[in-house]
Amino acid sequence: MPVPVGRDRLPREVVAEHQRARVLDAAPEVFAEHGFEGTTVDQIVSAAGIGVGSFYSLFDGKLGCFLAAYDRVVAAGRERLLAAPTPGDPWPDRLAVSLRALLELVEEQPAAVRIALVEVHTAGPEALARHERNIEEGARLLRGGRRYSALAGELPATLEFAIVGGLTWYLQQRLASGTLTDAPSLLPEVLEIVAEPYLGAAETSRLASRYAPAANRES
């Protein structure tokens, strides 16, 4: 028997949430391909498979969509990085495992990482403010390394911001040049940027030997 009109119809809120998820799934690829400035709403809705009217019922425009996609990418990345290490392990080991998880994420989701590290710089003041807050969070997490440094009293107050900035720049350059096809193999270089200021070269090298991919260790 035909279902009467209106019966078993999904609630409007469920439909809207489904459409929003489709847009946020599609948006990173579109922004990564065209850049923030080059992306149009038409390109986003085409990739998401929804109408323009539906898009504007969910977002106030391209910027609102970008900010929502950026926040989603950062939240998922934060959850993955914090869940990767074993609680109770020493800080250097937790750091190495988290950085390896970051590089695995870069390899698996390059478009998402690109909007979080590259396109965010072209999306205006509100996007930059969110990016700076995330850098501050990363800097706070790194401060735990000071107790492992023999020179803790001499480390500059801005060290953590410099480290996060250096890591961000390193990944930006790799993304821009297309040389992140085997991102986990970069763990020794990333540890030099992030861990060596606290642990020194010898201990950082030992840390890399424990956590780098097997191919790195064999070479």
Side-chain angles (χ1 to χ4, degrees), residues 70 73-118 120-121 128 130-219:
Y70 172 84
V73 165
V74 170
R78 180 189 294 114
E79 181 178 357
R80 180 163 173 173
L81 267 59
L82 294 179
T86 302
D89 277 356
W91 180 85
D93 296 271
R94 288 186 282 116
L95 176 67
V97 172
S98 290
L99 290 174
R100 187 175 63 189
L102 171 62
L103 292 171
E104 290 168 354
L105 182 63
V106 168
E107 184 170 54
E108 294 167 14
Q109 301 179 35
V113 175
R114 183 175 181 86
I115 73 165
L117 296 182
V118 178
V120 68
H121 293 279
L128 277 176
R130 297 184 188 205
H131 182 60
E132 288 168 3
R133 287 196 295 270
N134 290 323
I135 288 179
E136 290 172 1
E137 180 183 358
R140 286 196 300 271
L141 293 174
L142 282 180
R143 290 188 69 84
R146 289 179 174 250
R147 65 177 178 270
Y148 289 88
S149 172
L151 303 173
E154 302 175 20
L155 297 178
T158 57
L159 173 64
E160 286 73 26
F161 289 96
I163 291 174
V164 175
L167 175 61
T168 300
W169 182 87
Y170 174 84
L171 294 176
Q172 286 171 346
Q173 297 306 304
R174 290 283 186 166
L175 283 166
S177 64
T179 55
L180 273 173
T181 53
D182 187 18
S185 68
L186 301 174
L187 182 61
E189 293 178 43
V190 168
L191 282 170
E192 285 182 18
I193 296 170
V194 180
E196 190 168 315
Y198 303 106
L199 306 178
E203 182 56 33
T204 298
S205 178
R206 285 192 288 270
L207 193 65
S209 71
R210 290 200 297 272
Y211 292 104
N216 292 62
R217 296 195 295 269
E218 290 168 3
S219 61

Would Y198 and R147 satisfy side chain to side chain contact (heavy atoms under 4.5 Å, CB included), going step by step from the backbone distance to the final call?
-> CA-CA 8 Å; Y198 303 106; R147 65 177 178 270; over 6 Å; no
Flag, side chain of [X] to backbone of [Y], donor-acceptor distance under 3.5 Å:
| X | Y | answer |
| --- | --- | --- |
| E192 | T204 | no |
| S98 | L81 | yes |
| T168 | V164 | yes |

Minimum heavy-atom distance [X]-[Y], with the two atoms named:
| X | Y | value |
| --- | --- | --- |
| A96 | L187 | O-CD1, 4.1 Å |
| I115 | Y70 | O-CD1, 4.0 Å |
| L175 | P110 | CD2-O, 4.2 Å |
| A195 | L95 | CB-CD2, 3.9 Å |
| L186 | L103 | C-CD1, 3.9 Å |

When rounded to the nearest 0.5 angstrom, what distance separates [atom1] in [X] from [atom2] in [Y]?
| X | Y | atom1 | atom2 | value |
| --- | --- | --- | --- | --- |
| R80 | E104 | CZ | CD | 6.0 Å |
| L128 | R130 | CG | CZ | 11.5 Å |
| E137 | L142 | CD | CG | 11.0 Å |
| S205 | L199 | OG | CG | 11.5 Å |

Could you go step by step and tell me if R206 and E203 meet the salt bridge (Lys or Arg N to Asp or Glu O under 4.0 Å) rule?
-> CA-CA 5 Å; R206 285 192 288 270; E203 182 56 33; 2.9 Å; yes
Kindly indicate, with the supporting measurements, whether the criterion side chain to side chain contact (heavy atoms under 4.5 Å, CB included) is fulfilled by L191 and E196.
-> CA-CA 7 Å; L191 282 170; E196 190 168 315; over 6 Å; no
Fit a plane to each ring of Y148 and W91, take the angle between them on a 0 to 90° scale, and name the class: parallel (under 30°), tilted (30 to 60°) or perpendicular (over 60°).
->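 Correct class here is parallel.
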Can you find a pair of side-chain heavy atoms, one from L167 and one from L99, that are under 4.5 Å apart?
->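 They are in side-chain contact.
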Walk me through it: do L102 and V113 pass the test side chain to side chain contact (heavy atoms under 4.5 Å, CB included)?
-> CA-CA 10 Å; L102 171 62; V113 175; 5.9 Å; no
